[in-house]
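First listed ligand is number 1; within each ligand, the first listed atom is number 1.
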Amino acid sequence: MKTAITGGAGFIGSHLTEYLLAAGDEVAVLDNLSTGSMDNLHGVLDNPRFRFVEGDILDRAAVDSVVAGSDRVFHLAAAVGVKLIIEDPLTSLRTNIHGTEVVLDATLAAGAVLLLASTSEVYGKNTSDALTEESDRVLGSPLKSRWTYAAAKGIDEAFAYAYWKEYGLRAAIVRLFNTVGPRQTGRYGMVVPNLVGQALRGEPLTVFGDGRQTRCFSYVGDVVPALVRIAEIPAAYGQAFNLGGTQEVSILDFAHRVVELLESPSSISLIPYEQAYAPGYEDMRRRVPDNTKARDVVGFNPTTSIDEIIANVAVAGRQLPAYLPASSELAGA
Ligand code: UDP
């Protein structure tokens with residue numbers, strides 16, 4: 001297989017790159033290195049079946065340079081992370097909407113399969129017990145960046161679906177729920193690398209709000225094989241799939257577990273949202289996936305526990321502390 005990966009120097013993209021190279025694919029990565037990093041790809045740079053192009057998904061020629069001649073395209077490039085979205089809303093919108101359109105056009109021209117990485121953010125503030133792919137979206141004002149991001153990813157999905165329906169593009173969509181693991185950087189606000197980094201340095205763990213908001217973290221090593229299987233199954237085209245973790249945990253409980261497991265001297269400090277984020281930011285109280293569809297269609301069965309996630313992120317962070325930046329290095333701090 002010849003595979004193209006946009007955003008392949010990012011956290012999930014680099015794990016996918018390694019996985020597909022190990023499976024025998026030729027892999028071409030396009031990444032503008034805005035949030036991705038060559039550090040993530042250091043293990044594959046010498047592989048003769050690997051090719052890297054530095055470029056932007058808004059640039060059709062750059063996209064063609066990896067997509068033309070490919071059998072399948074994994075579109076992971078996007079502006080992600082709460083901090084980035086809030087601080088640079090215009091670039092985020094352009095990248096996430098126009099960039100995806102460019103990738104869809106290039107994939108159609110290449111006659112390749114497309115896997116679009118979407119996000120649980122599309123469900124917005126829907127706090128139901130288990131979000132299915134058909135669940136309603138509950139979004140706040142489009143003048144608030146967080147909902148603009150959710151809206152943009154929703155448009156991406158609608159675009160992919162329309163390319164499937166009208167042009168016959170073999171496109172499948174995955175909605176990723178808080179995918180975490182080694183190489184995820186804390187630089188753009190993600191909670192797991194932030195808290196693990198703080199615990200390793202003995203700094204107070206910054207838990208935002210009352211800490212009772214919950215998430216279902218899913219481990220990158222569980223998610224990556226599912227991405228590949230979904231792209232391979234014709235029944236998945238024109239469909240969306242939730243891919244999330246199975247353990248719902250409050251951020252406060254998660255922080256306590258981090259401290260305990262890493263035997264950290266850190267305290268836990270509750271930071272009001274007004275202090276943590278720009279005014280008008282709204283958090284999601286709860287976000288729980290129903291993974292039944294992915295389980296039924298591709299056998300998705302995430303097994304990595306929260307304790308294993310914490311341990312693996314800590315090991316990787318000790319090896320390369322740049323992934324777990326000090327609070328003072330965080331974007332916008
Ligand atoms: N969060 C936190 N401390 C941090 C970073 C994030 O308490 O240092 C909280 C954040 O407010 C949210 C949860 O952790 O409730 C998950 O945040 P993240 O940005 O990782 O993902 P998302 O909000 O997109 O689910």
Side-chain angles (χ1 to χ4, degrees), residues 11-12 35 78-87 92 96 117-127 131 138-140 144-150 152-153 175-181 183-201 203-220 242-245 247-259 264 266-278 280-289 306 309-310 313 317 323-333:
F11 154 54
I12 302 172
T35 55
V80 290
V82 165
K83 270 183 178 290
L84 185 67
I85 306 298
I86 288 177
E87 282 159 20
S92 303
N96 292 345
S118 184
T119 165
S120 56
E121 287 272 333
V122 296
Y123 296 111
K125 294 183 270 190
N126 187 335
T127 56
L131 294 159
V138 184
L139 302 188
K144 290 178 178 166
S145 311
R146 176 163 210 157
W147 310 125
T148 305
Y149 172 68
K153 295 302 283 189
R175 296 184 183 146
L176 304 174
F177 283 68
N178 294 86
T179 310
V180 297
R183 295 190 199 139
Q184 183 180 38
T185 169
R187 210 166 284 279
Y188 305 99
M190 274 74 163
V191 70
V192 172
N194 271 357
L195 299 192
V196 170
Q198 288 162 341
L200 291 179
R201 290 187 299 271
E203 297 169 4
L205 272 64
T206 55
V207 170
F208 300 162
D210 62 8
R212 307 224 171 269
Q213 67 273 33
T214 66
R215 294 293 186 273
C216 294
F217 298 109
S218 54
Y219 189 62
V220 66
N242 289 338
L243 294 177
Q247 253 180 299
E248 183 177 10
V249 64
S250 77
I251 301 303
L252 190 58
D253 287 347
F254 180 79
H256 281 295
R257 194 69 196 131
V258 169
V259 168
S264 166
S266 294
S267 59
I268 291 173
S269 133
L270 293 181
I271 312 283
Y273 282 122
E274 308 85 79
Q275 227 171 294
Y277 295 121
Y281 178 81
E282 289 177 82
D283 199 7
M284 236 84 82
R285 286 307 283 176
R286 182 168 194 233
R287 195 155 60 190
V288 182
I306 285 173
I309 288 172
I310 294 168
V313 170
Y323 288 121
L324 310 177
S327 308
S328 58
E329 292 173 56
L330 292 178

request  = For the residue pair Asp283 and Tyr273, confirm or rule out a side-chain donor-acceptor distance under 3.5 Å.
outcome  = yes
message = With a 4.5 Å cut-off on side-chain heavy atoms, are Leu205 and Val258 touching?
response = yes
query = To the nearest 0.1 Å, how far is atom 7 (O) of ligand 1 from its closest protein heavy atom, and which atom is that?
reply = Phe208 N, 2.8 Å
message = Applying side-chain hydrogen bond (donor to acceptor under 3.5 Å, both in side chains), can you list everything that pairs with Arg175, at least two apart in sequence or on another chain?
response = Tyr123, Glu157
request  = Quick one: look at Tyr277 and ligand 1, take heavy-atom pairs under 4.0 Å, and tell me if it's side chain, backbone, both or neither.
outcome  = side chain
inquiry  = Which option wins on minimum heavy-atom distance to atom 13 (C) of ligand 1: Val192, Ile251, Leu205, Val80?
reply    = Ile251
task = Using distance alone, decide if ligand 1 has a nitrogen or oxygen within less than 3.5 Å of any nitrogen or oxygen in Thr206.
result = yes
task = Measure the distances from the heavy atoms of Arg215 to every atom of ligand 1 and state whether one is below 4.0 angstrom.
result = yes
key: Proximal ligand 1 atoms for Val207, defined as those under 4.0 Å from one of its heavy atoms   = 7 (O)
message = Against ligand 1, does Arg146 come closer than 4.0 Å with any heavy atom?
response = yes
query = Does one side chain, of Gln198 or Thr206, offer a donor that lies under 3.5 Å from an acceptor on the other?
reply = yes
Per-atom contacts of ligand 1 with Gly189, taking only distances under 4.0 Å to non-hydrogen atoms = 5 (C), 6 (C), 19 (O)
query = Considering only heavy atoms of Arg287, which atoms of ligand 1 have at least one such atom less than 4.0 Å away?
reply = 22 (P), 24 (O), 25 (O)
key: Closest contact, heavy atoms only, Ile310 versus Arg257   = CD1-CG, 3.9 Å
inquiry  = Check this for me: does any side-chain nitrogen of one of Arg287 and Glu121 sit under 4.0 Å from a carboxylate oxygen of the other?
reply    = yes
inquiry  = Are Phe217 and Phe254 an aromatic pair, judged by ring center distance below 6.0 Å?
reply    = yes
request  = Check each heavy atom of Asn178 against ligand 1 and say whether those closer than 4.0 Å belong to the side chain, the backbone, both or neither.
outcome  = side chain
query = Nearest to atom 9 (C) of ligand 1 by heavy atom, Gln213, Arg286, Arg285: which?
reply = Gln213
ask   = For Trp147 and Glu282, does a side-chain donor sit closer than 3.5 Å to a side-chain acceptor?
value = yes
query = Taking distance alone, with no angle check, do Val191 and ligand 1 share an N/O pair under 3.5 Å?
reply = yes
query = In Å and rounded to the nearest 0.5 Å, what is the CG to OG distance from Leu243 to Ser120?
reply = 10.5 Å
remark   = Contacts of Tyr277 meeting ring pair (Phe, Tyr, Trp, His ring centres under 6.0 Å) (sequence neighbours excluded), chain-then-number -> Phe208, Tyr281
ask   = Quick one: nearest non-hydrogen protein atom to atom 15 (O) of ligand 1, plus distance?
value = Asp283 OD2, 2.5 Å
request  = Please state which part of Arg212 comes within less than 4.0 Å of ligand 1, counting heavy atoms only: side chain, backbone, both or neither.
outcome  = neither
message = Could you identify the single nearest non-hydrogen protein atom to atom 24 (O) of ligand 1 and state the distance to 0.1 Å?
response = Glu121 OE2, 3.2 Å
